[in-house]
Amino acid sequence: MPTPALILCINSGSSSLKFALYVMDNPREEVLARGAVENLGGPECHIDFQMGAETVRTQTDKALDHHAAIGAMFELLASYRIETPQAVGHRLVSGGPLHLRHARIDPQFLHDLREAIPFAPLHIPAAIDAIESVDHHYPQLLQIACMDTAFHAALPEVAARLALPRYLWDEGVRKYGFHGLSYEYIMSVLPPSAQKGRVIIAHLGNGASMAAVVGGRPVDTTMGLTPAGGFMMGTRSGDLDPGVLFYLLAHMGHTPKTIEDLINHHAGLCGVSDGIADMQTLLQERPTNPHASQAVDMFCYQARKTIGALTAAMDGVDTLIFTGGIGEHAAPVRAAIIEGLTHLGMLLDADANIRNARTISAPGSPVTVGVISTHEDLMIARHSHQLLQDF
């Protein structure tokens, strides 16, 4: 029987650091506190903190980096007399080919993680900063990496292998898949009958991907070697004809570094709309801004095509779940995606969709369509608690 533990969950982004403190005592899973340090590195840097009914925003007097943000987080927790956790669990977007499973973080793991930066260049450096900062403050504290790639580790090779020379597979060039902690949570809260069937999960946020799951096992997903693959996102292009990259290199004066910046920071919704990456803003501007309207239309079109492709990969679909910031809150986006999928048996209840109801498919719809809020930090707490018992 696992022993009770206090687990601190950390999700490091390029400009933010989110954290949540859980009491894990099976079956009790209670959030004691949660917060975020936003706008890291900028003059508007601030800390949001919630404990019980109390919510506090603290404006910092300087632009914090990840190291300083970790220190500010520990100081904040200490000011509320919260004891030191037994373990810290980090969300790791990728560990490259060497680390596909949740694992204890040690010097060898950190070495491997630095080598894996090309597999998630936007995410891994921030995670390394957070890990090293926690170690600086509490060197004896157990730290655990919870991998977004773990859920997809069982992908069949026909889906994971890229159409490249075989030796590259041995070098780790393959589809890894991401948002795995989110997918794992969604599967855990579906009814048993749905878990046994054919499920498509659409995690739609600034980063967006989908996964096809049959009988609880992943069979395909959209993101590939890195989180830049798949369909278009807030600032990322998604899949491109490789010839586009050759053209940019050979004829437009780009370098690998400028192409990486373009594809990750200036493409997707941001690129098509000419500067707007936020879906809520795009929907507001859609009636008067043709570029915003086109960006939304392209996003919905590509998402709709992706659902069709994943349905073919599973020989049908029984359940479609929307999650993530856009998936959970943007009813017009969900409606536009489903509108073209009636031939697959997806019938929308317009009123339920507007209310962001748990089930938004119409009564009698052959395919159940739902909206579920994801909880990646809870999955981090669960995996960290389980691994804590081994040390």
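Just so you know, these numbers come straight off a predicted model, no measurement behind them.
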Which heavy-atom pair separates [X] from [Y] by the least distance, and what is that distance?
X      : Y      : answer
Leu141 : Ala87  : CD1-N, 4.1 Å
Ser373 : Ile186 : O-CD1, 4.4 Å
Thr255 : Leu249 : C-CD2, 3.9 Å
Ser384 : Ile144 : O-CD1, 3.4 Å
Pro125 : Ala120 : CD-O, 4.1 Å
Ile372 : Tyr185 : CG2-CE2, 4.5 Å

Give me the one residue out of Leu6, Asp377, Leu32 that meets side chain to side chain contact (heavy atoms under 4.5 Å, CB included) with Tyr22. Asp377

Candidate list Ile200, Leu320, Leu341, test side chain to side chain contact (heavy atoms under 4.5 Å, CB included), partner Val369, passing option: Leu320

For residues [X] and [Y]: do they belong to one hydrophobic cluster (side chain heavy atoms under 4.5 Å, members Ile, Leu, Val, Met, Phe, Trp, Tyr)?
X      : Y      : answer
Tyr301 : Leu344 : no
Phe49  : Leu40  : yes
Met24  : Leu142 : yes
Ile7   : Ile105 : no
Val219 : Tyr176 : no

How about [X]: does its [atom1] atom have over 12 heavy atoms from other parts shown lying under 6.0 Å from it?
X      : atom1 : result
Arg217 : CZ    : no
Asp170 : CG    : yes
His291 : NE2   : no
Gln284 : CD    : yes
Glu132 : CD    : yes

Scan side-chain atoms only and decide if [X] and [Y] contain a donor-acceptor pair under the 3.5 Å cut-off.
X      : Y      : value
Glu376 : His203 : no
Arg334 : Asn353 : yes
Gln389 : His385 : yes
Asp112 : Gln108 : yes
Glu328 : Thr323 : yes
His179 : Ser209 : yes
His329 : Asn356 : no
His90  : Gln143 : yes

Got [X] and [Y] here, is their nearest side-chain heavy-atom distance under 4.5 Å?
X      : Y      : answer
Val199 : Leu190 : yes
Tyr80  : Val56  : yes
Arg104 : Leu387 : no
Glu54  : Gln50  : no
His102 : Gln386 : no
Leu113 : His99  : no
Phe19  : Ile70  : no
Ile354 : Ile360 : no

Ion pair check, Asp220 and Lys175, cut-off under 4.0 Å: yes

Does Asp297 pair with Arg286 as a salt bridge, N-O distance under 4.0 Å? yes

Calculate, to the nearest 0.5 Å, the distance between atoms [atom1] and [atom2] belonging to [X] and [Y] respectively.
X      : Y      : atom1 : atom2 : value
Phe246 : Asp241 : CZ    : CG    : 8.5 Å
Ile10  : Leu8   : CD1   : CG    : 4.5 Å
Ile326 : Met233 : CD1   : CE    : 11.0 Å
Gln59  : His46  : CD    : NE2   : 7.0 Å
Cys9   : Arg382 : SG    : CZ    : 11.0 Å
His66  : Ile128 : NE2   : CD1   : 11.5 Å

So, does [X] use its side chain to make a donor-acceptor pair with the main chain of [Y] at under 3.5 Å?
X      : Y      : result
Arg198 : Asp315 : yes
Ser361 : Thr368 : no
Asp349 : Ala352 : yes
Gln302 : Met232 : yes
Thr311 : Gly316 : no
Asp278 : Thr281 : yes
Arg34  : Asp48  : no

Dump the intermediate steps for ring-ring contact (aromatic ring centres under 6.0 Å, His included) on His152 and Tyr183, then the final yes or no. CA-CA 10 Å; His152 306 287; Tyr183 293 138; 5.6 Å; yes

For Tyr138 and Phe74, take the angle between the two ring planes, folded into 0 to 90°, and tell me which bin it lands in: parallel under 30, tilted 30 to 60, perpendicular over 60. perpendicular

Check the pair Glu184 / His383 against side-chain hydrogen bond (donor to acceptor under 3.5 Å, both in side chains), numbers first and verdict last. CA-CA 11 Å; Glu184 186 180 7; His383 291 303; 2.9 Å; yes

